[in-house]
Amino acid sequence: MSNAYFPETGMDWPAVEAELLHYKENDADWKKGRLPMYVFHAGDEVLEVVKNAYNMYFSENALGVKAFPSTARMEREVVRMAADLLNGDEEVCGNMTSGGTESIFLAVKTARDHRRATNPVPGTPNLVLPRSAHPAYYKAAQYMDLETIQVPVRDDFRADVEAMAAAVNENTIFILGSAPSFSLVVYDPITELGALALEKNLWLHIDACIGGYIAPHIRDIGYPVPDFDFSVPGVTSISADVHKMGFAAKPASTILYRNEGYYKHQGFHFNDWPRGVYSVPTFTGTRPGGAIAAAWAVLKFLGRDGYRDIARKAMDVRQRLMDGITAIPGMKILGNPEICMFTYTSEGYDINAVAEGLTRRGWMAGINAEPPALHMFVMPLHEVMVEDYLRDLNEAVADARSGKVTVDEVKLDY
Ligand SMILES: Cc1ncc(COP(=O)(O)O)c(C=O)c1O
């Protein structure tokens, strides 16, 4: 059926629904654990809560704080809960945003404006970033005409703090540590980065987008997660996405600052137009009340003990997967990952051919380019797939070893 024209006559819901289901037919079956990322699911009970809360606020627009004071209240409470989870004191402040990218954008913009107001640099401000930094930093720099200096990571894929220190110059305003990074999912040395930030009077942003809402609970159940939050001196701001390992609805992230002195440079205030004052704290105008309510609801519903249960299940599944993977000759886990995410590669045969074999068996492989590897964000959802995955992985490895499957060109699945 063509969809090129605006329909002259509307369809009834059963027909619309049937078409939507038809459109979905080729999408990944995330409920069967076929995806290593994109969908963050902690079970049907949690999903139900998130959906109900979202639906209760489906129509409300959190831009209208006077019309919908409850959305502003829930946002404030989410920020307080996040600050508490990330070892912040009462002075920590911030907002909910539409995702990691918006939180990062705001951190960069706020760092720029804070520096401009307090101690301007002589030239174009720059950000010093480990190579593992998420592309959102380059995007923010590009949009805001800032420069970036990229610094290679160490052999263990973590930020090289000495090299970053050497890269800092008189125009540097911002340095970054990931907790963990998206690609190799390991933690940068945040304490050392904090010391560097304090020594050189720089803004240190911590990208805890992927891990921020689960890592504290993984630590609570006994795993050695390194310090990465406001407990570390020198940390200025933190982004943490509640729509990822917080299991809220998309789009929902949090951006937090150590205190108001930094935060006051974030908002946008304008009144030179016919309607008068337009004042917004974040980048977007209209803001989904549903996403705020869903985030609030999932944090309240799960509490620390609910997240600890999720953390336990995710770490158990991670262990079963890692055991099964490393039992295959040639396979190895990269870089001692700290939380429920890991990356693995092969020696003696092509990991991209293995990825191709997995793809042909209905899995999204999670391809990493440098070094060639496959990565997985593990959550309780993956409990259902461990045996099938390991069986198919063993077959894919056999095909790659025997040369039955080869790849000429790797198609990254991002
Ligand atoms: C470490 C890290 N930073 C930033 C982002 C960007 O987040 P979003 O896709 O919600 O904008 C991601 C996404 O996975 C991430 O893992």
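Just follow the structure's listing: the first ligand is 1, and inside any ligand the first atom is 1.
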Chemist: With nothing but distance in play, are any N or O atoms of S181 less than 3.5 Å from an N or O of ligand 1?
Modeler: no
Chemist: Is it the side chain, the backbone, both or neither of T101 that has a heavy atom closer than 4.0 Å to ligand 1?
Modeler: both
Chemist: When you measure from the heavy atoms of H243 to every atom of ligand 1, does any distance fall below 4.0 Å?
Modeler: yes
Chemist: Given 3.5 Å as the limit, does a donor-acceptor pair link the side chain of N87 with the main chain of D229, or not?
Modeler: no
Chemist: Any atoms of ligand 1 less than 4.0 Å from a non-hydrogen atom of I210? List them with their elements.
Modeler: 16 (O)
Chemist: Taking a cutoff of less than 4.0 Å between a non-hydrogen atom of the residue and any ligand atom, is E102 in contact with ligand 1?
Modeler: no
Chemist: Considering only NZ, NE, NH1 and NH2 on the basic side and carboxylate oxygens on the acidic side, decide whether D309 and R312 come within less than 4.0 Å.
Modeler: yes
Chemist: Taking salt bridge (Lys or Arg N to Asp or Glu O under 4.0 Å) as the criterion, tell me which of E60, E75, E102 meets it with R287.
Modeler: E75
Chemist: Regarding ligand 1, does G99 bring an N or O atom to under 3.5 Å of one of the ligand's N or O atoms?
Modeler: no
Chemist: State whether E347 and K332 are salt-bridged, where the test is any N-O pair (Lys NZ or Arg NE/NH1/NH2 against Asp/Glu carboxylate O) under 4.0 Å.
Modeler: yes
Chemist: Within ligand 1, which atoms have a heavy atom of D207 less than 4.0 Å away?
Modeler: 1 (C), 2 (C), 3 (N), 4 (C)
Chemist: Does a salt bridge link E387 with R391, judged by any charged N lying under 4.0 Å from a carboxylate O?
Modeler: no
Chemist: Salt bridge between R112 and D145, side-chain N to carboxylate O under 4.0 Å?
Modeler: no
Chemist: Closer than 4.0 angstrom, basic N to acidic O: yes or no for K313 and D316?
Modeler: no
Chemist: So which bit of K244 gets within less than 4.0 Å of ligand 1, heavy atoms only: side chain, backbone, both or neither?
Modeler: side chain
Chemist: Could you tell me, atom by atom, which parts of ligand 1 come under 4.0 Å of a heavy atom of D241?
Modeler: 7 (O), 10 (O)
